[in-house]
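First the structure, in the form of structure tokens, and then the observations on it.
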Amino acid sequence: MANLWKKQKLKDTTGLCRLGILFAVTVSVVLMLMSVPRTALNRTSIGHDDLDDFDKDLEVKLNASLLRLARANRMSLRLHRRNHFTPRNLDLYPDLAKDRVVIVLYVHNRAQYFRVTVESLSKVKGISETLLIVSHDGYFEEMNKIVEGIKFCQVKQIFSPYSPHIYRKSFPGVTPNDCINKGDEVKTHCDGNPDQYGNHRSPKIVSLKHHWWWMMNTVWDGLEETKRHEGHILFIEEDHFLFPNAYRNIQTLTRLKPAKCPDCFAANLAPSDVKSRGEGLESLVAERMGNVGYSFNRSVWENIHQKAREFCYFDDYNWDITMWATVFPSFGSPVYTLRGPRTSAVHFGKCGLHQGKGDQGDCIDNGVVNIEVKETDKVVNIKEEWGVRVYKHQPGYKAGFKGWGGWGDERDRHLCLDFAAMYRSSSSSESP
């Protein structure tokens with residue numbers, strides 16, 4: 001009987017010990033969770049209340065650094081706050097190469113295309129040596145989740161706090177008194193100026209140019225990670241497919257450019273003609289700057305920034321046509337870019353939409369990718385001993401073209417100029 005009592009006592013003591021250990025572990029976990037900053041817990045998504053415990057001093061500073069039109073917009077402040085987060089994957093890739101070419105990928109909300117682009121980037125050789133910046137035009141959770149899945153390099157997200165997509169009832173979104181149809185400004189005294197063709201602004205359309213210009217100013221002059229970067233930065237879009245040799249090729253081109261083409265302003269991964277896959281010759285090519293996989297350094301950015309007024313007042317909602325028709329011609333000399341004889345990047349889209357090749361083109365349709373990657377696309381296929389073939393008098397938009405319109409509203413032009421000034425003076429020429 002005594003032995004039975006001892007066994008029961010031992011059993012009870014053991015149970016109490018286990019219960020005590022479980023209680024201690026539970027308390028430790030709760031305390032640990034309470035000590036984790038809320039910014040870390042909410043880093044992956046933007047909730048409605050993620051500013052409730054925001055440090056008030058920091059909130060005031062961030063709010064003051066926004067342009068006036070965004071200071072009453074709660075989502076703008078949330079996005080502006082996220083732009084100050086450190087890059088992801090620092091634990092996986094703590095060191096960046098000194099000769100890195102930073103990559104900026106600017107996106108909107110075409111998740112189907114974005115997945116293809118990210119998948120192609122994951123196979124690019126050397127990608128882990130550099131920083132990838134994803135610039136969002138607005139906030140879309142599906143696009144955000146795709147970025148969260150990137151594990152092949154350091155990646156930093158930035159979100160435009162001035163995207164028309166986050167302004168429901170105020171500029172730069174649609175305002176209740178906005179002019180809509182031709183002649184409304186005379187008939188109803190509504191807000192807005194027509195373009196050269198009599199049409200009024202469309203927020204979804206003007207956001208293309210606004211996002212590109214905000215991104216350029218932010219990357220070159222605003223971000224801690226890049227505002228002192230003197231080297232080249234490579235710019236791609238959410239529907240650009242990069243071949244495995246893209247990064248090594250752009251490194252080679254930027255290294256050869258000073259000697260091979262000292263008058264070249266940029267280096268490109270693809271021909272200016274998006275239908276072309278390149279000549280396949282043993283020669284480098286100098287031609288007009290294209291809009292697929294283009295890169296340039298800080299000195300070129302300074303030249304572009306000096307033409308902010310020309311950029312902001314040209315009546316065309318397309319950033320690239322604005323550059324070709326008014327900014328580049330104002331430089332006083334031809335703006336050449338250096339590239340290889342075979343493309344390392346492809347602009348895809350619904351079959352036949354961009355390339356005009358129908359079923360034979362490089363495209364994505366219904367989630368199926370039809371882009372052929374050959375063995376030569378997997379290795380550096382540019383040689384230092386090659387000469388340079390210069391293409392002059394190429395077709396395309398030039399000085400004298402008046403623009404396609406869509407950019408006649410003075411509010412858009414003033415906001416555009418504000419972007420050019422927001423990192424270069426303590427007080428910008430903000431729109432009223």
Side-chain angles (χ1 to χ4, degrees), residues 65-70 104 106 135 137 160-164 171-172 179 185 191-203 205-223 226-227 233 235 265-266 288-289 291 294 296-337 396-432:
S65 64
L66 282 167
L67 298 180
R68 185 179 297 117
L69 65 88
V104 176
Y106 47 106
S135 181
D137 183 15
S160 172
Y162 313 100
S163 172
F171 178 84
C179 300
E185 68 278 6
D191 295 330
N193 313 96
D195 65 12
Q196 59 187 311
Y197 305 107
N199 299 309
H200 288 279
R201 73 187 298 268
S202 167
I205 296 298
V206 298
S207 70
L208 300 172
K209 190 169 179 176
H210 276 314
H211 179 215
W212 188 87
W213 188 238
W214 172 85
M215 172 193 71
M216 283 291 170
N217 282 275
T218 299
V219 168
W220 286 109
D221 297 334
L223 294 184
T226 50
K227 67 182 183 181
I233 295 180
F235 296 91
F265 283 74
R288 69 191 296 266
M289 187 173 169
N291 59 4
Y294 56 95
F296 51 85
N297 60 23
R298 182 168 296 277
S299 64
V300 174
W301 164 243
E302 291 297 330
N303 289 337
I304 294 173
H305 189 273
Q306 290 175 11
K307 304 298 179 180
R309 190 167 188 84
E310 287 85 344
F311 181 89
C312 292
Y313 273 80
F314 186 69
D315 189 9
D316 196 303
Y317 64 88
N318 298 284
W319 67 264
D320 47 2
I321 295 177
T322 299
M323 296 294 289
W324 289 325
T326 186
V327 176
F328 290 155
S330 70
F331 286 176
S333 61
V335 176
Y336 289 117
T337 188
Y397 296 99
K398 297 180 175 66
F401 178 66
K402 294 183 178 180
W404 292 112
W407 193 265
D409 200 303
E410 287 297 317
R411 294 172 297 175
D412 287 315
R413 294 172 173 180
H414 292 162
L415 178 59
C416 182
L417 288 176
D418 285 345
F419 291 162
M422 61 186 173
Y423 300 115
R424 300 210 173 197
S425 61
S426 56
S427 61
S428 64
S429 55
E430 297 173 356
S431 304

Taking only residues two or more places apart in sequence or in another chain, which ones pass ring pair (Phe, Tyr, Trp, His ring centres under 6.0 Å) with His211?
none

Would a 4.5 Å heavy-atom cut-off, applied to side chains only, mark Trp214 and Ser163 as touching?
no

side-chain contact (heavy atoms from CB on, under 4.5 Å) between Met422 and Asp221, worked out:
CA-CA 9 Å; Met422 61 186 173; Asp221 297 334; over 6 Å; no

Just checking Lys402: does its NZ atom have more than 12 heavy atoms from other residues, nucleotides or ligands closer to it than 6.0 angstrom?
no

For the CG atom of Asn199 and the CD1 atom of Ile205, what is their distance to the nearest 0.5 Å?
11.5 Å

For a quick test of reading the model, state the closest non-hydrogen atom pair linking Thr337 to Arg288 and the distance between them.
CG2-O, 3.6 Å

For Asp137, all residues meeting salt bridge (Lys or Arg N to Asp or Glu O under 4.0 Å), sequence neighbours excluded:
none

Between Asp409 and His200, do the side chains contain a donor N or O and an acceptor N or O under 3.5 Å apart?
no

Arg201 side chain to Asn193 backbone, donor-acceptor under 3.5 Å
no

For Met289 and Trp324, which heavy atoms make the closest approach, and how far apart are they?
O-NE1, 2.9 Å

Count the heavy atoms belonging to other residues, nucleotides or ligands that lie under 6.0 Å from CH2 of Trp404, then report whether that count exceeds 12.
no

For Gly403 versus Gln196, what's the shortest heavy-atom pair and its separation?
O-NE2, 3.3 Å

Which atom names give the shortest non-hydrogen contact between Leu69 and Pro172, and what distance separates them?
CD1-CD, 3.8 Å

Take atom CZ of Phe419 as the centre, draw a 6.0 Å sphere, and report whether it contains more than 12 heavy atoms from other residues, nucleotides or ligands.
yes

Nearest 0.5 angstrom please: Trp319 CH2 to Met216 CE, how far?
6.5 Å

What distance do Thr218 atom OG1 and Trp213 atom CH2 have between them, rounded to the nearest 0.5 Å?
11.0 Å

Closest non-hydrogen atom pair between Trp407 and Asp315, with its separation:
N-OD1, 2.9 Å

Check step by step if side-chain contact (heavy atoms from CB on, under 4.5 Å) holds for Glu410 and Tyr313.
CA-CA 9 Å; Glu410 287 297 317; Tyr313 273 80; 3.6 Å; yes

Rounded to the nearest 0.5 Å, how far does CE of Met323 lie from CD1 of Ile304?
4.0 Å

Check: Asp195 side chain, Tyr197 main-chain N or O, donor-acceptor pair, under 3.5 Å:
yes

Mind checking whether Met215 and Val104 have side chains closer than 4.5 Å, heavy atoms only?
yes

So does Gly405 get a backbone contact from the side chain of Asp316, meaning a donor-acceptor N/O pair under 3.5 Å?
no

Would you check if the side chain of Thr322 reaches a backbone N or O of Phe314 as a donor-acceptor pair within less than 3.5 Å?
no

What's the separation between atom CZ in Phe265 and atom CZ in Phe331, rounded to the nearest 0.5 Å?
6.0 Å

Between Leu415 and His210 the two heavy atoms that sit nearest each other are CD2-CE1, 3.7 Å

Is Lys209 positioned over the aromatic face of Phe311, cation under 6.0 angstrom from the ring centre and no more than 45 degrees off axis?
yes

Find the distance between CZ (Phe235) and OH (Tyr106) and round it off to the nearest 0.5 Å.
8.0 Å

